[in-house]
> 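Could you have a look at this structure, given as structure tokens, before my questions?
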Amino acid sequence: MVPVADLKDGVSKANNMNLFDNNKAQALTPQEIDKLKEELSPDELVVRIAQSSSTFAQKTEFSQQKYLQKKRNKHVRVAQMVKPTLKNIADSR
């Protein structure tokens, strides 16, 4: 999150102008992330990924929230139980 000292009148002074998406900001490799998936809870995994990003602290609060949601969607599996009706069975094929 944006430190309170960076807020002026409740508005963050941080901006994303100098951040570039070149896939070099993440210190963890995909193999390391897969190993962490086995060891950590989903929330702890997302926090660890954010901590390993060299640009996370420089992002705006909105961008940080967006980043966290994107990582949750990518790395956290959610299963939804659905009642087996004819329509659901037909839709699954």
Side-chain angles (χ1 to χ4, degrees):
M1 297 298 164
V2 178
V4 177
D6 289 348
L7 295 177
K8 181 179 180 179
D9 300 326
V11 179
S12 171
K13 294 186 289 185
N15 67 49
N16 300 334
M17 186 170 52
N18 297 322
L19 300 179
F20 300 101
D21 187 13
N22 59 8
N23 293 330
K24 296 182 182 185
Q26 183 53 256
L28 294 173
T29 64
Q31 294 80 15
E32 292 171 328
I33 292 173
D34 287 340
K35 186 175 179 184
L36 289 173
K37 284 181 183 180
E38 297 171 3
E39 299 170 1
L40 301 174
S41 73
D43 290 332
E44 291 171 333
L45 174 66
V46 172
V47 169
R48 181 76 59 92
I49 291 171
Q51 289 173 340
S52 298
S53 173
S54 63
T55 58
F56 183 76
Q58 300 166 6
K59 295 177 182 275
T60 63
E61 185 175 356
F62 176 77
S63 292
Q64 288 177 349
Q65 293 302 319
K66 221 168 91 172
Y67 178 89
L68 293 172
Q69 186 60 46
K70 181 179 173 185
K71 297 304 173 187
R72 275 187 210 98
N73 291 342
K74 182 175 182 179
H75 296 290
V76 177
R77 300 218 181 246
V78 177
Q80 181 179 7
M81 301 300 287
V82 179
K83 183 177 179 181
T85 63
L86 287 175
K87 181 181 181 328
N88 290 340
I89 292 171
D91 288 343
S92 68
R93 293 182 173 245

> Say you draw a straight line from CD of E32 to CD of Q26; how long is it, rounded to the nearest 0.5 Å?
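Rounded to the nearest 0.5 Å, the CD-CD separation comes out at 9.0 Å.
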> Would you please name every residue forming a side chain to side chain contact (heavy atoms under 4.5 Å, CB included) with S63, sequence neighbours left out?
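S63 satisfies side chain to side chain contact (heavy atoms under 4.5 Å, CB included) with N16, K59, T60 only.
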> The criterion is side chain to side chain contact (heavy atoms under 4.5 Å, CB included); which residues satisfy it with A27, sequence neighbours excluded?
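Counting only residues at least two positions away or on another chain, A27 forms a side chain to side chain contact (heavy atoms under 4.5 Å, CB included) with S52.
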> Taking the side chain as every heavy atom from C-beta outward, state whether F56 and Q51 have any pair of such atoms under 4.5 Å apart.
no
> Please identify each residue that fulfils side-chain hydrogen bond (donor to acceptor under 3.5 Å, both in side chains) with R48, with sequence neighbours left out.
none
> Would you say N88's side chain and K83's backbone share a donor-acceptor pair under 3.5 angstrom?
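Yes.
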> Per the salt bridge (charged side-chain N to carboxylate O under 4.0 Å, His left out) rule, what does the pair list look like for residues 34-47, sequence neighbours excluded?
D34-K37
> Using atom types as modelled, flag every donor-acceptor pair under 3.5 Å from a side chain in residues 71-78 to any protein atom, sequence neighbours excluded.
unit_1 : atom_1 : unit_2 : atom_2 : d
R72    : NH1    : Q69    : OE1    : 3.4
N73    : OD1    : Q69    : NE2    : 3.0
N73    : ND2    : Q69    : O      : 3.4

> Counting only heavy atoms not in L86 (residues, nucleotides, ligands), do more than 12 fall under 6.0 Å from its CG?
no
> What pairs meet the ring-ring contact (aromatic ring centres under 6.0 Å, His included) rule with one or both residues in residues 28-50, with sequence neighbours excluded?
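Counting only pairs at least two positions apart or across chains, no ring-ring contact (aromatic ring centres under 6.0 Å, His included) contact touches residues 28-50.
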> Partners of K87 by side chain to side chain contact (heavy atoms under 4.5 Å, CB included), sequence neighbours excluded?
T85, D91
> Does any part of the side chain of Y67, heavy atoms only, come nearer than 4.5 Å to the side chain of I49, both counted from C-beta?
yes
> Q31 pairs by side chain to side chain contact (heavy atoms under 4.5 Å, CB included) with which of L28, I33, T29?
T29
